[in-house]
Structures are given as structure tokens and as C-alpha cells.
Amino acid sequence: MTRLSDHDLTEREYRTTDRLSQRRLDRTGWLRGKDERLLALQALAAIGPSRVLDAGCGTGDFAALIAAPEVLCVDSSEAAVKATEAKGLTARVADVQDLPYPDGYFDAVACNWVLHHVPDRRKAIAEFARVLTPSGRFVGCYNAPDHLGALWSALALGDDADDFNSANGPGELAESFATVEVREVWGQVLWEERDALQTYLDAYSELYGPLSAPDVSYPFRAARHNVVFVADRPRTQGARP
Ligand SMILES: C[S@@+](CC[C@H](N)C(=O)[O-])C[C@H]1O[C@@H](n2cnc3c(N)ncnc32)[C@H](O)[C@@H]1O
């Protein structure tokens with residue numbers, strides 16, 4: 001199995017945004033339950049931020065919904081930056097391990113489904129803390145290890161949880177933030193036909209190689225299990241937890 005934090009793999013995967021867009025569950029399946037991105041947007045809106053960073057913005061879909069006067073975006077992929085700019089947002093190429101902003105520049109940082117791709121997560125999380133004001137907030141949507149478990153088990157990929165997930169995320173964030181809250185989100189996805197599930201799985205071709213939709217009776221259902229991390233009050237660099 002591939003390591004999702006491998007730099008070359010990440011670079012190849014996001015050279016275009018086609019597969020990223022295709023992996024959105026609502027493009028191929030029917031969703032039930034809460035949407036973690038809405039909870040993340042609420043967690044941002046709750047502090048009334050003036051300036052927000054979306055770190056690893058992908059196609060900019062999330063950033064476009066953030067309620068703040070100024071929203072800046074970064075991504076290591078040029079294709080992602082172009083897709084985000086095409087939505088009228090301000091975006092630039094940058095690595096979350098070395099953010100091109102001064103200390104205390106943002107009221108909030110969002111970083112959804114990025115940290116499992118980052119070789120030095122501790123550095124990236126410390127960067128988020130550094131660029132936040134002392135009362136700043138970090139918000140991030142990530143997966144629980146059992147997210148879509150029925151699907152990955154059917155494909156014999158059941159043990160391959162993301163490197164950064166609901167189990168290890170709180171501890172890693174707590175190294176740079178005073179408080180870390182985990183907001184759990186459950187739901188379901190239903191693929192009506194095998195072709196729809198195959199289209200979803202094809203979006204993983206670069207990350208995992210070819211995957212074949214299970215030959216079972218359809219619709220195929222899998223439980224979604226996501227978390228929204230809400231981390232407040234960055235610790236100053238060098239301070240002990
Ligand atoms: C799974 S996508 C998530 C995109 C977006 N946050 C979303 O929720 O749709 C991961 C994104 O992180 C970006 N990325 C990966 N490693 C990065 C790094 N070290 N610095 C900045 N962006 C990175 C990728 O280019 C890609 O756009």
C-alpha cells in the first residue's frame with residue numbers, strides 16, 4: 001500500500017484536480033447524515049474572523065463558503081491554485097510546512113484533509129499556530145479510521161487508515177494548541193449501481209492503483225465517519241504543553 005505522505009506521490013496526484021473533484025462522495029453517491037464541512041464552516045463563523053487562511057485549499061470549494069472579509073488560500077499544487085483563483089479567490093502556491101505569512105497574521109486557519117499528505121506534520125501544525133493570533137482558531141475536517149470501512153473492507157484495504165485521523169490528530173494538535181475539541185460526524189453514502197461506485201474508485205488510481213468495485217448486490221452502502229478538529233489558543237513556539 002502507498003504512503004499518502006510521500007512527496008512524489010502527492011505531487012503526481014494533485015498535478016491535476018480531476019481525481020480530487022471525482023473523490024467528492026456526492027459526485028457519485030447519495031449522502032445521508034451531517035456534512036462535516038458545514039460544521040467546520042460554523043466553527044469558523046463562531047469566532048467572527050476577519051482574516052482566514054485555507055491551507056491546502058484544493059479546488060477552493062470550501063474557501064468560497066467561508067464567511068470572513070478576507071480569505072487567503074495556499075496549496076502546493078499549481079492546478080489547485082488555478083482552480084481556486086478561477087472561483088475569484090486569492091490563492092498562491094505554498095507549502096503548509098513553511099507558510100509565507102508573518103506571525104499572528106490570521107484569526108483562523110482551516111486545513112481539511114491535507115495533513116495526511118504532509119511529511120512533517122509537526123512542522124505544519126506549528127506553522128498554523130505561528131500564523132494565528134493568540135486567540136486564533138484552527139479548524140480541520142478529517143476521517144475516522146472506520147470512515148467508509150464497509151467499502152475498504154470489501155476491497156481488502158480495511159487496515160489502511162489515513163496517517164492523520166481522529167485517533168492521533170488530537171494529540172498532535174495539542175502540541176501546538178491549548179485546547180483541542182473533536183466534533184464527530186456520522187452519515188452514510190449509498191452508491192446505486194456498480195458503475196457509480198467504480199467511478200468513485202477510479203479517482204484513487206494514482207494513490208492506490210486500480211481498484212475494482214465489489215461484485216455484490218447494489219445499492220452498496222457504507223457508513224461515513226468524519227471529525228472536525230477545533231483547536232484554540234496557539235501555544236507560543238518552544239512552550240511546553
Ligand atoms: C485531499 S486534498 C484536500 C483539498 C481541500 N482541502 C478539500 O477539502 O477539498 C489535499 C490537498 O492538499 C494539498 N497539499 C498536499 N500537501 C501539501 C503541502 N505540503 N502544502 C500545501 N498543500 C498541500 C494538495 O495539493 C491537495 O490540494
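Atoms within a ligand are numbered from 1 in the order they appear, just like the ligands themselves.
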Visitor: Does NZ or CZ of Arg27 come closer than 6.0 Å to the centre of the six-membered ring of Tyr200, within 45° of the ring's axis?
Guide: no

Visitor: Under 4.0 Å between a side-chain nitrogen and a carboxylate oxygen: does that hold for Lys87 and Asp61?
Guide: yes

Visitor: Just by distance, do the side chain of Arg51 and the backbone of Tyr105 share a donor-acceptor pair under 3.5 Å?
Guide: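 Looks like yes, one N/O pair under 3.5 Å.
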
Visitor: Looking at side-chain heavy atoms only, is the closest gap between Tyr142 and Val114 below 4.5 Å?
Guide: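 With C-beta onward as the side chain, the pair touches.
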
Visitor: Within a strict 4.5 Å, meaning less than it, do heavy atoms of the Glu36 and Arg224 side chains meet?
Guide: yes

Visitor: Does Arg24 make a cation-pi contact with Phe62 (under 6.0 Å, within 45 degrees of the axis)?
Guide: no

Visitor: Could you check ligand 1 for N or O atoms lying under 3.5 Å from protein N or O atoms and list the pairs with distances?
Guide:
| residue | atom | partner | partner atom | Å |
| --- | --- | --- | --- | --- |
| ligand 1 | 6 (N) | Gly56 | O | 2.7 |
| ligand 1 | 6 (N) | Asn112 | O | 2.9 |
| ligand 1 | 14 (N) | Ser76 | OG | 3.4 |
| ligand 1 | 19 (N) | Asp95 | OD1 | 3.0 |
| ligand 1 | 20 (N) | Val96 | N | 3.0 |
| ligand 1 | 22 (N) | Ser76 | N | 3.2 |
| ligand 1 | 22 (N) | Ser76 | OG | 3.3 |
| ligand 1 | 25 (O) | Asp75 | OD1 | 2.6 |
| ligand 1 | 27 (O) | Asp75 | OD1 | 3.3 |
| ligand 1 | 27 (O) | Asp75 | OD2 | 2.7 |

